[in-house]
Amino acid sequence: MYQLIDGKKISGEIKDELREKAAQMKARGVERCLAVIQVGSDPASGVYVRNKKKACEYIGIRSLSYELPEETGQEQLLDLIRELNQRSDVNGILVQLPLPGHIDEEKILLAIAPEKDVDGFHPVNVGNLSIGRPGYVSCTPAGVIQLLKRSGIKIEGRECVVLGRSNIVGKPMAMLLLRENGTVTVCHSRTRNLKDITRRADILVAAVGKPKFVNGDFVKEGAVVIDVGIHRDGEGKLCGDVDFDSVAPKVSAITPVPGGVGPMTIAMLMANCVEGADGTQ
Ligand code: GUN
């Protein structure tokens, strides 16, 4: 029988710890404030932004909300970021992605002051992670590490395979597993003999962005499988990158979708906001 890794429960525990910490900080006169910027009205982004604001409220972080119209110009957005960079009462800035096509995403992310980049997307923070210096870490992969640690799953010395090489998940995931002394392999769309590699994994992290891509043939008996994907299947039901029914009977532990990695992303964003760039979560 496999262990079902309960991201909802673990994220709840983290948020409660942060709430306590934020209250103690407030008692010392330190208040955190997150500025959340959304451009346009993409419905999925709208849900994420609402959930982020709700989490701030729960934990006791002040949030500023900027809901800008789709036609907002790049310079206008840059001006807002520059203003927020300067404000001493704002310690976190988050620009919800994706941005409308006429805005250069990279330019925007580069404009956010690294010390306020609670998403961990700025090259300074990415670089710090890669050379083992303190800095903000991308929330989803940071959440995966917390899921593993808080479920009693050892990373050190184990074969870790990351499926996917995105800047937001795959690459920082590999860096974090390496920081935890895992032996790390990154696979992607050009990888040959993919299943031969994924079947070596003690810990397999699926972040390919394809619904139910990973089936039982990809995993060895007793592996730990973490599913970062979130999609809707043909019947409109939520599913991940992993075909749960096919994989679960083979594994020692697995995350569900929904209720696995998803809730951890916001919990880690809150951790970044409360604890700052050198947080010890
Ligand atoms: N869009 C999807 N995921 C994320 C995220 O983690 N941060 C931001 N800013 N936008 C996203």
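The basis for the numbers below is simple: all heavy atoms, side chains too, and nothing from hydrogens, waters or symmetry mates. Counting starts at 1 for both ligands and their atoms, following the listed order.
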Enquirer: List the closest protein heavy-atom neighbour of atom 3 (N) of ligand 1: residue, atom name, distance to the nearest 0.1 Å.
Expert: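 The answer is Gln96 NE2, 4.5 Å.
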Enquirer: Check step by step if side-chain hydrogen bond (donor to acceptor under 3.5 Å, both in side chains) holds for Glu67 and Ser65.
Expert: CA-CA 6 Å; Glu67 283 156 31; Ser65 182; 3.2 Å; yes
Enquirer: Please determine, by modelled atom types, if Tyr48 and Asp42 share a side-chain donor-acceptor pair under 3.5 angstrom.
Expert: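 Their side chains do not contain a donor-acceptor pair, so the 3.5 Å distance test is not met.
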Enquirer: Using a 4.0 Å cutoff against the non-hydrogen atoms of Leu94, which atoms of ligand 1 qualify?
Expert: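 Ligand 1 atoms under the 4.0 Å threshold to Leu94: 9 (N).
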Enquirer: Counting heavy atoms only, which of Ile93, Ile168, Leu269, Asp119 is nearest atom 8 (C) of ligand 1?
Expert: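 Considering heavy atoms of Ile93, Ile168, Leu269, Asp119, the nearest to atom 8 (C) of ligand 1 sits in Asp119.
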Enquirer: Begin with the C-alpha distance, continue with both residues' side-chain angles, and end with the deciding distance and a verdict on salt bridge (Lys or Arg N to Asp or Glu O under 4.0 Å) for Lys154 and Asp202.
Expert: CA-CA 10 Å; Lys154 198 175 113 190; Asp202 298 313; over 6 Å; no
Enquirer: Should Lys212 and Asp241 count as an ion pair when the cut-off is N to O under 4.0 Å?
Expert: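 Salt bridge: no.
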Enquirer: Are Phe218 and Phe213 an aromatic pair by the rule of ring centers under 6.0 Å?
Expert: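 Here the rings of Phe213 and Phe218 have centres that are less than 6.0 Å from each other.
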Enquirer: Taking atom 1 (N) of ligand 1 as the reference point, report whether a protein heavy atom occurs under 4.0 Å from it.
Expert: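 Yes, there is one.
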Enquirer: Do the side chains of Leu110 and His122 get nearer than 4.5 Å, heavy atoms only?
Expert: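 Yes, at least one pair of side-chain atoms sits under 4.5 Å.
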Enquirer: Check if Tyr48 has a non-hydrogen atom at a distance under 4.0 Å from any atom of ligand 1.
Expert: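 Flag not set, Tyr48 not near ligand 1.
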Enquirer: Please work out whether any backbone atom (N, CA, C, O) or any side-chain heavy atom from C-beta onward of Leu97 is under 4.0 Å from ligand 1, and answer side chain, backbone, both or neither.
Expert: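 For Leu97, backbone and side-chain atoms both sit under 4.0 Å from ligand 1.
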Enquirer: Using a strict 4.0 Å cut-off to heavy atoms of Val95, name the atoms of ligand 1 that fall inside it.
Expert: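 Checking each atom against Val95, I get 8 (C), 9 (N).
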